[in-house]
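None of the values given here were measured: they were computed from a predicted structure. Reminder, nothing fancy here: chain letters follow the sequence lines and each chain counts from 1.
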Amino acid sequence: MFLNIFHFLIVLIDNKLGFLSGTGRIRHTFYSPALFRKMTKRTRFAPSPTGYLHVGGARTALFSWLHARKHGGAFILRIEDTDLERSTAESVNAILEGMTWLGLEYDEGPLYQTKRFDRYNEVIDQLMEQGLAYRCDCSKDRLDALREHAMAHKEKPRYDSHCRNRNIDPDTPHVIRFRNPDDGVVVVDDMVRGRVTYNNSELDDLIIRRTDGSPTYNLTVVVDDSDMNISDVIRGDDHLNNTPRQINILQALNKEIPRYAHLPMILGDDGTRLSKRHGAVSVMQYMEQGFLPEALLNYLVRLGWSHGDQEIFSQEELIQLFDIANVNKSASSFNTEKLLWLNQHYIKSADPYHLAHLLSPHLGRLAIDPTEGPDIVEVVKAQQERANTLVEMAEISEFIYRDFDEFDENAAKKHLRPVARQALEEMKKSLQALTSWDVEHLHDCVEQVSTSLDLKMGKVAQPLRVAVVGRAASPGIDVTLYLVGKEACLRRIDKALAYIEKREQQAKA
RNA sequence: GCUCCCUUCGUCUAGUGGCCUAGGACUCCGGCCUCUCACGCCGGCAACAGGGGUUCGAGUCCCCUAGGGAGCGCCA
């Protein structure tokens, strides 16, 4: 019953997302001739929907996607949801959202494993018939005892094949185990790790069907990769040790062995395993924090991969230059500082119109309505070189849209002093008289006041800046005045003059 | 514990036996530019985990040690 409800939900989500996301749902049915499939590279990303898309998963997806794109192949998304307890529809949603934001479009999928139980059972039955799998009714207690005993004797815990020839009654509760070869070796010829050899004596008879009848990971992965004609399996290196078992199952099934590439993991900035305490781990958190997808992608691709000394890559360059063979073997630590630098780079070089579109929601979060102010594109142009993130850009642009409450203490102390009063008063007069409020005239205006008072431009511009912005940093003074607008400028200069006045009174008292 | 994997500046990396006096990037520190903040430009600090071999020659090949990671589930 639970299973059925679950299926129903998945189908619902599937349909809904297809409608919502729009991307990545093109089905390349023309690939169907099996022969043609074998000739083209087919990669997949196969997350289990038990949480959001984190940066490690995103990089795995990226490498897989690049490998497929580079070779003109197909990139397939498969949802590994056989763990009915932990899989959720929200997670599926979050993963698809993350991939869409990053622009990792898939050619086929999302395919759900929960929809393929019949096929897994078919394969398991086939293995049973061929004597390559068997029923086992060993109790949890027995298995635990086995494990404890092995550990105590400094051995690797292995199932002892106790039920191999016991012919257990199909009607009693049981699991099904794969009969692993007893001797010989399995060689994994990995595209990044090189040749890794395992002794079959290290492996045991793993469970492929649970007591409740559901198939387990190592079986489903093998069946799916094979059925979907995956030519290159690119995944995290936590799966390296599963690979020999999977190869053995594939061989028992008489199926072709795909090429493997096991990617090193991504660690937090302190060198320990990435977790929530490292701040942002979900790719959507990066969106919320004002990162551009191209920056995150560029950062992620350089984690473990390089092309000489090149740091900046366009998507086209990546597809052209990426080579899975150049991927490092060792784990790397996530460094937010460098990501910020890349983000700034992409903000700097982005099209202002495009950026304006992305900035709007971040202004919205500060309860600013971008239409109640100057052209947002002008704001973006003015701030493009001084923001590391869109969040920062919104924050440093707040003064354009509304009056600040207090002057920044240090800035006011330094620039809003009695000596600045004359400059501010002159500026006020001059601005009041100005008929065309544009950058050029505003620039002339500040310059003229400086000259007439025989002051360096900084002596006028800085007090003026603090008066109008509230703090000591902003775009060029002319652009700043222009964006704030005449009315607000005059109002704020008055406020600054009042501040100076008050300060003078206090000094006397 | 056992099996497998990994190890170049703080971080990401270049390096495929002589091009290495170990290069680039981020960070940091100086300086220039400048109306501020940024941007940009110039300069600086900083690494081959340790020990044995092989070789005329080792960051690069081999072995050992140390450190780190993963797997050893009726999780994926």
Side-chain angles (χ1 to χ4, degrees), chain A residues 46-50 80-83 85-87 113 136 138 140 143 147 150-159 173-177 188 190 193-194 196-199 201-204 206-214 216-218 220-221 236-245 262 264-265 267 269 271-273 299 302-312 328-342 344 348 383-388 396 411 415 443 446-447 450 456-466 469 471-478 480:
Chain A
S48 58
T50 54
E80 308 217 326
D81 53 355
T82 54
D83 184 351
E85 303 284 315
R86 297 196 303 150
S87 297
Q113 290 194 319
C136 164
C138 289
K140 193 105 184 155
L143 298 178
R147 198 165 10 247
M151 293 284 257
H153 288 72
K154 305 195 173 197
E155 279 166 14
K156 183 174 179 172
R158 287 173 78 256
Y159 175 63
H174 65 270
V175 299
I176 290 182
R177 288 181 184 270
V188 182
D190 195 277
R193 310 316 269 253
V196 185
T197 307
Y198 294 85
N199 280 312
S201 56
E202 295 296 333
L203 276 24
D204 62 359
L206 69 152
I207 292 172
I208 54 177
R209 177 152 72 198
R210 304 183 183 94
T211 309
D212 69 3
S214 63
T216 62
Y217 169 75
N218 280 298
T220 59
V221 111
D237 72 359
D238 46 337
H239 290 293
L240 184 58
N241 288 323
N242 285 324
T243 310
R245 296 170 173 283
H262 287 94
M265 23 181 333
L267 309 171
D269 23 20
T272 65
R273 199 182 174 132
Y299 179 71
R302 284 284 289 105
L303 229 43
W305 175 83
S306 61
H307 178 73
D309 287 338
Q310 190 170 343
E311 295 287 350
I312 309 289
N328 276 170
K329 297 174 182 187
S330 51
S332 39
S333 304
F334 195 94
N335 185 241
T336 307
E337 299 285 341
K338 189 157 184 177
L339 171 60
L340 278 165
W341 171 75
L342 272 165
Q344 186 193 44
K348 256 178 348 208
Q383 304 283 213
Q384 245 175 321
E385 289 189 337
R386 37 203 122 225
N388 290 321
I396 61 173
H415 299 289
H443 185 85
V446 178
E447 214 162 49
S450 308
K456 280 188 181 176
M457 193 140 150
K459 293 287 178 196
V460 176
Q462 268 314 84
L464 184 56
R465 171 173 282 113
V466 176
V469 179
R471 55 192 149 76
S474 83
I477 192 66
D478 43 9
T480 299

Separation of U13(B) atom P from K338(A) atom NZ, nearest Å, is 9 Å
In whole Å, what is the span from the CD atom of E155(A) to the C1' atom of C2(B)?
9 Å
Could you tell me whether Y299(A) contacts a base, only the sugar-phosphate backbone, or nothing, with contacts defined as non-hydrogen atoms closer than 4.0 Å?
nothing
Using atom CG of D204(A) as one end and atom P of C2(B) as the other, report the distance to the nearest whole Å.
18 Å
Is a donor-acceptor contact shorter than 3.5 angstrom present between the side chain of D309(A) and the base of A14(B)?
no
First encountered from the 5' end of RNA chain B, between C136(A) and N388(A):
N388(A)
Using a heavy-atom cut-off of under 4.0 Å over every strand shown, decide if T50(A) touches base, sugar-phosphate, or nothing.
nothing
For the C1' atoms, the ones on U55(B) and on A14(B), what distance do you get once it is rounded to whole angstrom?
25 Å
Value in whole Å for how far the P atom of G69(B) lies from CG of L240(A)
17 Å
Gap between atoms CZ and P, on R302(A) and U13(B) respectively (whole Å):
7 Å
Under-4.0 Å side-chain N/O to phosphate OP1/OP2 contact, S214(A) with C74(B):
no
Is there, by distance only and without an angle test, a donor paired with an acceptor across the side chain of T216(A) and the base of C74(B) below 3.5 Å?
no
How long is the gap from CD1 on I207(A) to CG on L143(A), to the nearest 0.5 Å?
6.5 Å
Sorted by chain and number, sequence neighbours left out, ring-ring contact (aromatic ring centres under 6.0 Å, His included) with H239(A) holds for Y217(A)
Does N242(A) make a side-chain donor-acceptor contact with the base of G71(B), cut-off 3.5 Å?
no
Could you list, one pair per line, each protein nitrogen or oxygen that sits under 3.5 Å from a nitrogen or oxygen of nucleotides 30-37 of chain B, together with the distance?
from, atom 1, to, atom 2, distance (Å)
C35(B), O2, R465(A), NH1, 3.1
C35(B), O2, R465(A), NH2, 2.9
C35(B), N3, I477(A), N, 3.2
U36(B), O4', Q462(A), OE1, 2.8
U36(B), O4', Q462(A), NE2, 3.4
U36(B), O2', A472(A), O, 2.5
U36(B), N1, R465(A), NH1, 3.2
U36(B), O2, R465(A), NE, 3.3
U36(B), O2, A472(A), O, 3.4
U36(B), O2, S474(A), N, 2.9
U36(B), O2, S474(A), O, 3.0
U36(B), N3, R465(A), NH2, 3.1
U36(B), N3, S474(A), O, 2.6
U36(B), O4, G476(A), N, 3.3
C37(B), O2, R386(A), NH1, 2.7
C37(B), N3, R386(A), NH1, 2.4

Are the side chains of D83(A) and S48(A) in touch, meaning some heavy atoms are under 4.5 Å apart?
no
At less than 4.0 Å, is any side-chain N or O atom of R158(A) found next to OP1 or OP2 of U3(B)? Yes or no.
no
Return the value, rounded to whole Å, for the distance between atom CD1 of I207(A) and atom P of C72(B).
12 Å
Kindly say if Q383(A) contacts the phosphate of A38(B), meaning a side-chain N or O under 4.0 Å from OP1 or OP2.
no
On the nucleotide C6(B), are OP1 or OP2 found under 4.0 Å from the side-chain N or O atoms that K329(A) carries?
yes
Quote, to the nearest angstrom, the C1' distance that separates G50(B) from G68(B).
15 Å
Can you tell me if the side-chain N/O atoms of S332(A) get under 4.0 Å from OP1 or OP2 in C12(B)?
no
Between H262(A) (NE2) and C6(B) (C1'), how many Å, whole number?
15 Å
Is the distance from OP1 or OP2 of G40(B) to the nearest side-chain N or O of K348(A) less than 4.0 Å?
yes
Just the rounded figure in Å: distance from P of C72(B) to CG of L203(A).
11 Å
Does E311(A) reach a base, just sugar-phosphate, or nothing at all? Heavy atoms under 4.0 Å.
base
D269(A) (side chain) donor-acceptor with N335(A) (main chain) under 3.5 angstrom
no
